[in-house]
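The basis for the numbers below is simple: all heavy atoms, side chains too, and nothing from hydrogens, waters or symmetry mates.
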Amino acid sequence: MSLFYACYRHYLFVCSMLLTLVLYAMLLTAHGMATPRFVLSPEMGGIKHASGFSLRKISDVLAGRKYAVLTFDDGPYGEGLDEQILATLQKHHAHAVFFLVCSHINDATRGELAKFESAGDLIGNHTFDHPNLAKLGQPEIRQQIESCNQRIADVTGKRPTYFRPPFGSTTPAVGEMAKSLGMQQMLWNANSEDSWVEHPEQVRDFSLSQTEDQSILLMHEKPITAAALDDILTQLEQRGFQFVLPDQLSDNVAIN
């Protein structure tokens with residue numbers, strides 16, 4: 001009888017160990033778990049999980065998964081630059097937010113917006129012609145944001161959800177104006193520094209050194225950035241990063 005109980009205890013131990021290994025493997029692979037959703041953090045410079053405690057968070061920690069939002073300012077430019085960036089994003093199964101300066105949307109570039117949308121990327125508002133909004137009065141702030149919204153809606157049939165002030169220069173008045181127009185400001189907490197450096201390797205190094213888990217990475221639609229992008233995404237992926245989009249406040253409504 002004692003041999004029977006010893007075998008039985010051994011059997012239970014083996015089963016419990018197997019169950020533990022299966023559960024650990026499920027946690028590592030996130031098998032059967034919902035894809036994580038993210039929203040902007042309160043300071044608007046990063047993202048955070050949309051939900052509270054979850055097994056997915058535990059899974060991400062165990063597996064070393066990290067998340068970042070890729071953003072590109074100042075387009076569209078056409079002449080192959082938008083397509084080069086989109087091709088690299090698609091190579092890495094990555095999506096991004098393109099914050100457009102709406103004075104750049106013309107007959108030569110308006111087709112780029114459809115390419116952004118068909119690739120699953122988001123189009124954001126970066127004002128009509130890129131002024132420092134902190135130096136403008138309320139009527140001018142509204143005109144810069146709303147005229148850009150209208151230009152994008154004229155092309156895509158949808159108003160953008162996210163807004164980024166030029167230079168990251170914002171004030172409570174700018175934030176309130178964006179909110180009154182149904183938008184949310186998105187700033188950043190990682191900077192490629194591509195607005196002033198001259199070489200793709202510098203863009204790569206700044207991007208890699210500043211991007212942490214749940215960062216929003218600022219980049220611009222520039223040739224040096226397009227040249228560095230594949231290397232940036234490859235190395236971030238090697239560090240466990242996946243590239244996500246934050247949840248939009250609400251579904252965009254088609255413009256009649």
Atom pair CZ (Phe72) and NE2 (His220), whose distance is rounded to the nearest 0.5 Å: 11.0 Å

Can His126 and Asp74 be counted as having a side-chain donor-acceptor contact under 3.5 angstrom? yes

Does Glu212, at its CD atom, have more than 12 non-hydrogen atoms belonging to other residues, nucleotides or ligands within less than 6.0 Å? no

Who pairs with Lys115 by salt bridge (Lys or Arg N to Asp or Glu O under 4.0 Å), at least two apart in sequence or on another chain? Glu83, Glu112

Rounded to the nearest 0.5 Å, what separation is found between the CG atom of Leu181 and the CZ atom of Arg159? 6.5 Å

Indicate, with yes or no, if Trp188 and Met219 share a hydrophobic cluster defined by side-chain heavy-atom contacts under 4.5 Å among Ile, Leu, Val, Met, Phe, Trp and Tyr. no

Please state whether the rings of Phe243 and Phe241 are parallel, tilted or perpendicular, taking 30° and 60° as the class boundaries. parallel

Testing Ile216, Leu233, Val97 one by one against Leu70 for a side chain to side chain contact (heavy atoms under 4.5 Å, CB included), which residue passes? Leu233

Indicate, with yes or no, if Tyr77 and Leu122 share a hydrophobic cluster defined by side-chain heavy-atom contacts under 4.5 Å among Ile, Leu, Val, Met, Phe, Trp and Tyr. no

ILVMFWY network linking Leu217 to Ile123, side-chain heavy atoms under 4.5 angstrom: yes

Can you list the residues that meet the salt bridge (Lys or Arg N to Asp or Glu O under 4.0 Å) rule with Glu117, with sequence neighbours excluded? Lys158

Arg37 meets the salt bridge (Lys or Arg N to Asp or Glu O under 4.0 Å) criterion, sequence neighbours left out, with Asp247

Carboxylate-amine/guanidinium proximity below 4.0 Å for Asp60 and Arg65: yes

How long is the straight-line distance from CD of Gln143 back to CG of Asp129, given to the nearest 0.5 Å? 7.5 Å

Should Tyr162 and Leu40 count as side-chain neighbours, where that means a heavy-atom distance under 4.5 Å? yes

Gln214 and His49: side chain to side chain contact (heavy atoms under 4.5 Å, CB included), yes or no, with the steps? CA-CA 9 Å; Gln214 301 183 34; His49 284 273; 3.7 Å; yes

Those residues at least two apart in sequence (or on a different chain) that pass ring-ring contact (aromatic ring centres under 6.0 Å, His included) with Phe116 are Phe98

Between Arg151 and the options Ile105, Leu113, Asn106, Leu100, the side chain to side chain contact (heavy atoms under 4.5 Å, CB included) test singles out Ile105

Please test Glu140 against Lys135 for salt bridge (Lys or Arg N to Asp or Glu O under 4.0 Å), starting from the C-alpha separation and ending with a verdict. CA-CA 10 Å; Glu140 292 83 7; Lys135 297 181 178 180; over 6 Å; no

How would you list all residue pairs meeting ring-ring contact (aromatic ring centres under 6.0 Å, His included) that involve residues 198-218, not counting sequence neighbours? Trp196-Phe206

Quick check for you: to the nearest 0.5 Å, what is the distance between Arg239 atom CZ and Thr234 atom OG1? 13.0 Å

May I have the step-by-step check of side chain to side chain contact (heavy atoms under 4.5 Å, CB included) for Val174 and Thr171, ending in yes or no? CA-CA 5 Å; Val174 171; Thr171 66; 3.4 Å; yes

Using a strict threshold of under 4.0 Å (side-chain N to carboxylate O), is an ion pair present between Asp194 and Lys222? no

One should read off an interatomic distance between Cys102 SG and Ile145 CD1, to the nearest 0.5 angstrom, of 11.0 Å

Could you list the residues that satisfy salt bridge (Lys or Arg N to Asp or Glu O under 4.0 Å) with Asp230, not counting sequence neighbours? Lys91

Within the supplied structure, the quantity of interest is the number of heavy atoms (other residues, nucleotides, ligands) at a distance under 6.0 Å from Glu198 CD; does it exceed 12? no

Mind checking the NE2-CG spacing from His95 to Asp121? Nearest 0.5 Å is all I need. 6.5 Å

In one Ile/Leu/Val/Met/Phe/Trp/Tyr side-chain cluster, 4.5 Å: Phe128, Ile152: no

Looking at side-chain heavy atoms only, is the closest gap between Phe38 and Leu245 below 4.5 Å? no

